[in-house]
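Please read the structure below before turning to the comments.
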Amino acid sequence: MAEEEEYGTALIAELYKPPALLPIAQLKDALLYTIETYPVTIIVGETGSGKTTQIPQYLHKAGWTADGSVIAVTQQPRRVAATTVAARVAEEVGCQLGQDVGYSIRFEDVSSAATRIKFLTDGLLLREMLVDPLLKRYSVIMIDEAHERSLSSDILLGLLKKVLRKRPELRVVVSSATLDAKDFLDFFCPVDGEKINGKSKEEYGRIISIEGRMHPVDINYLIEPVSDYVERAVETVMDIHNNEPDGDVLLFLPGREDIDDAIDMIADRITDLAPGTQRLQPLPLYAGLPSDQQLYVFQAAPENTRKAIVSTNIAEASVTIENIVHVIDCGYVKLRAYDPTTGIERLATVPVSKASATQRAGRAGRTKPGKCYRLYTEAAYNAFSDSTPPEIQRSNLAPTILQLMNLGIPNIVRFDYFSNPPSELVVRAMDMLFSLGAISPEAKLTKPLGTRMAELPLSPMLAKALLNAQTFGCLYEMLHIAALLTLSGTAFIAHDGNLKQLDKVKRKFAVEEGDHITLLNVYEAFITTGRKDAQWCRSNFLNYKAMQKAVSVRNQLARHLEKLGISVSSDLSAQRAGGIFSLSPSERIRRCLTTGFFAHAARMKPDGTFQTANGETTLWAHPTSVLFHRKADWVIYDEIMESKGKVFVREVTKIEMDWLVEYAPEYYRVKQR
DNA sequence: GAGCACTGC
């Protein structure tokens with residue numbers, strides 16, 4: 001059962017409709033026939049068509065679970081979605097959650113031997129393949145919202161294609177909201193003239209479309225392009241408010257900064273509204289917003305008030321807000337990009353794709369006919385790409401490739417990807433895995449190091465450091481640090497935007513060696529004091545829920561290590577004398593970190609900036625780092641990200657140059673040539 | 001001198 005209190009459950013909003021009234025009900029027989037007849041079925045249907053909740057029930061009642069098999073549904077890569085959909089289906093089936101209908105997400109397995117319909121995240125289904133490569137427990141696997149093209153669902157598609165060859169009786173259902181259904185079908189089906197398990201292309205799969213319940217949306221373009229989309233967006237909000245009858249407004253902007261600006265600007269102009277007219281309530285929405293503030297977006301506005309929701313892309317697909325009639329689309333989105341030559345990640349503001357623009361506009365037509373105001377010209381729209389590049393083409397692939405290798409994929413380059421990743425990304429990932437010792441020069445996973453690294457739900461660098469921790473007598477401490485690093489900066493939280501106060505409080509935990517040991521202090525203070533004392537957390541600006549999550553991660557990591565035969569408890573009683581133990585705990589931890597993060601080394605210059613080991617890139621310590629103000633020589637860092645033209649590193653710790661050569665001689669010999 | 005789109009094991 002739940003190991004922790006559920007957090008971040010604020011973003012749920014989809015109107016409940018009686019199952020018999022859903023558009024999908026008319027297609028029940030056709031769906032069952034198609035899934036019975038063909039190994040692969042592609043479902044095209046809008047959100048709200050009922051596909052996710054109804055198809056598993058149809059299959060369950062039609063006998064697909066009669067032999068004890070399970071129907072798996074990876075309901076979008078989101079925890080909240082898996083739990084809420086499972087709860088609704090359990091209610092419709094009339095069972096207790098965890099019995100016939102259950103779900104499984106990280107830290108929370110609410111399923112049992114009786115479970116026949118199981119909702120889970122695609123990441124977890126991937127992990128299950130380590131134990132059960134052919135997924136034999138399942139008779140049907142439904143990949144929901146595959147068009148979102150997340151890294152894990154893309155990988156899952158490739159693996160399922162392989163599994164289908166060995167299990168002709170398995171059924172794969174792929175759901176997609178857009179019209180790229182044919183690409184999905186073509187991917188699974190044999191090419192013309194060939195057969196898979198005796199079946200030709202025509203015998204292998206079908207597409208079924210379910211009518212969505214969309215109202216028409218009137219699209220408006222600008223005649224002339226604008227330079228300041230925030231200013232124009234705010235003007236549009238006010239125009240709508242002054243000239244259009246009822247209906248809430250949803251404005252898409254790329255990021256938090258623009259959103260805060262827009263909210264302020266709208267708030268300023270509200271004061272000009274004539275007394276007695278309808279009021280306007282501007283509301284921000286982005287993932288980083290505390291969940292209590294996110295809730296306002298879903299609550300009905302006060303009487304005689306129109307909501308103007310200013311949101312990131314989170315409202316495009318992840319979250320559904322009812323009663324939106326006017327959508328304003330600035331035409332931009334922030335996307336992660338990864339540069340394989342430097343290994344630097346970047347959040348770039350780029351034009352949206354046509355698919356994205358369509359999805360945004362559609363948000364206006366859920367309850368009645370709506371309007372969409374695009375803050376760009378029709379010519380600009382025509383120049384947009386058709387769809388957003390999938391994650392697999394713009395991410396660091398080292399974790400993915402490690403996982404694929406651990407699943408026994410013999411040749412990573414020739415794996416049947418739904419979209420091929422650029423070869424530079426694959427090469428960079430392989431180089432990194434090789435330098436960490438996870439793969440051999442023949443590109444085979446090493447044993448035990450490579451397989452163990454793949455087993456841990458951590459980045460390869462961090463996994464390597466954690467697996468080395470016992471050697472340095474700091475396993476206990478490294479578990480704490482690893483758990484906190486997975487929170488990526490959410491351990492501290494400012495109250496009411498008071499960043500100055502936050503900085504001051506953080507100094508209490510800060511140590512001269514850098515952020516990792518500082519994090520260790522934070523974790524130890526939390527488990528000794530803060531865990532029982534939420535008020536203490538508040539006065540120390542610690543995010544209680546995030547810290548609880550860190551405790552869960554830490555426990556899960558410890559269990560993984562025990563499973564790998566690395567005893568966590570015995571580390572405490574280890575003989576702590578002589579050898580490595582003549583060094584201080586801090587030095588042992590920092591040496592241990594260096595064994596994983598040597599490729600993330602940099603040296604401070606007199607001006608306080610850092611230079612990468614190859615001298616090619618200038619880095620800044622992120623302002624949240626304890627080394628932001630301090631002097632240092634060589635350091636290693638956890639995360640590197642470009643923002644506004646500057647490259648920032650987060651979680652930075654001092655090391656010695658000698659350690660780099662000692663723990664990564666190959667890497668640094670090559671680099672120095 | 002300054003800040004993280006969105007998920008997830």
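The sequence lines fix the lettering, A, B, ..., with proteins before strands; numbering per chain opens at 1.
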In residues 455-468 of chain A, what donor-acceptor pairs under 3.5 Å come from side-chain atoms, sequence neighbours left out?
from: A:S459; atom 1: OG; to: A:L462; atom 2: N; distance (Å): 3.3
from: A:K464; atom 1: NZ; to: A:L436; atom 2: O; distance (Å): 3.1
from: A:K464; atom 1: NZ; to: A:T595; atom 2: O; distance (Å): 3.4
from: A:N468; atom 1: ND2; to: A:T595; atom 2: OG1; distance (Å): 3.0

What is the distance, to the nearest angstrom, from the [atom1] atom on [X] to the [atom2] atom on [N]?
X: A:D258; N: B:dC4; atom1: CG; atom2: P; value: 13 Å
X: A:D154; N: B:dT7; atom1: CG; atom2: C1'; value: 14 Å
X: A:N406; N: B:dC9; atom1: CG; atom2: C1'; value: 13 Å
X: A:L456; N: B:dC9; atom1: CG; atom2: P; value: 15 Å
X: A:L151; N: B:dC9; atom1: CG; atom2: C1'; value: 12 Å
X: A:E345; N: B:dA5; atom1: CD; atom2: P; value: 14 Å
X: A:E642; N: B:dA2; atom1: CD; atom2: C1'; value: 15 Å
X: A:I155; N: B:dG8; atom1: CD1; atom2: P; value: 18 Å

By the 4.0 Å heavy-atom rule, please label [X] as base, sugar-phosphate, or nothing.
X: A:R650; result: base
X: A:T624; result: base
X: A:L124; result: sugar-phosphate
X: A:Y286; result: sugar-phosphate

*asked:* Should A:W620 be counted as stacked on B:dG1, where stacking needs a ring-centre gap under 5.5 Å and an angle between planes under 30 degrees?
replied: no
*For A:R336 and A:H629, take the nucleotide of DNA chain B holding the closest heavy atom to each; which residue's nucleotide lies nearer the 5' end?*
A:H629
_For A:E257 and A:Q403, find the nucleotide of DNA chain B closest to each by heavy atoms; which residue's nucleotide sits nearer the 5' end?_
A:E257
From [options], pick the nucleotide closest to the side chain of [X]?
X: A:R256; options: B:dC9, B:dA5, B:dA2; value: B:dA5
X: A:I314; options: B:dG1, B:dC6, B:dA5; value: B:dC6
X: A:F648; options: B:dG3, B:dC9, B:dA5; value: B:dG3
X: A:R106; options: B:dG1, B:dC9, B:dG3; value: B:dC9

side-chain N/O [X] vs [N] OP1/OP2, d < 4.0 Å:
X: A:S643; N: B:dC4; answer: yes
X: A:K334; N: B:dC4; answer: no
X: A:T312; N: B:dC6; answer: yes
X: A:H560; N: B:dC9; answer: no
X: A:T349; N: B:dA5; answer: no

*Per the atom types in the model, does the base of B:dC9 pair as donor or acceptor with the side chain of A:R127 at under 3.5 Å?*
yes
*Side chains of A:R149 and A:S419: do they bring a donor and an acceptor to under 3.5 Å?*
yes
*Ring centres of A:F610 and A:Y637 under 6.0 Å apart?*
no
*A:R394 charged N/C atom sitting above A:Y338 aromatic ring, 6.0 Å / 45°*: no
*Please determine if A:K506 forms a cation-pi arrangement with A:F492, meaning its NZ or CZ atom is less than 6.0 Å from the six-membered ring centre and no more than 45° off the ring axis.*
yes
*Which residue pairs satisfy the salt bridge (Lys or Arg N to Asp or Glu O under 4.0 Å) criterion with at least one member in residues 482-493 of chain A, sequence neighbours excluded?*
none
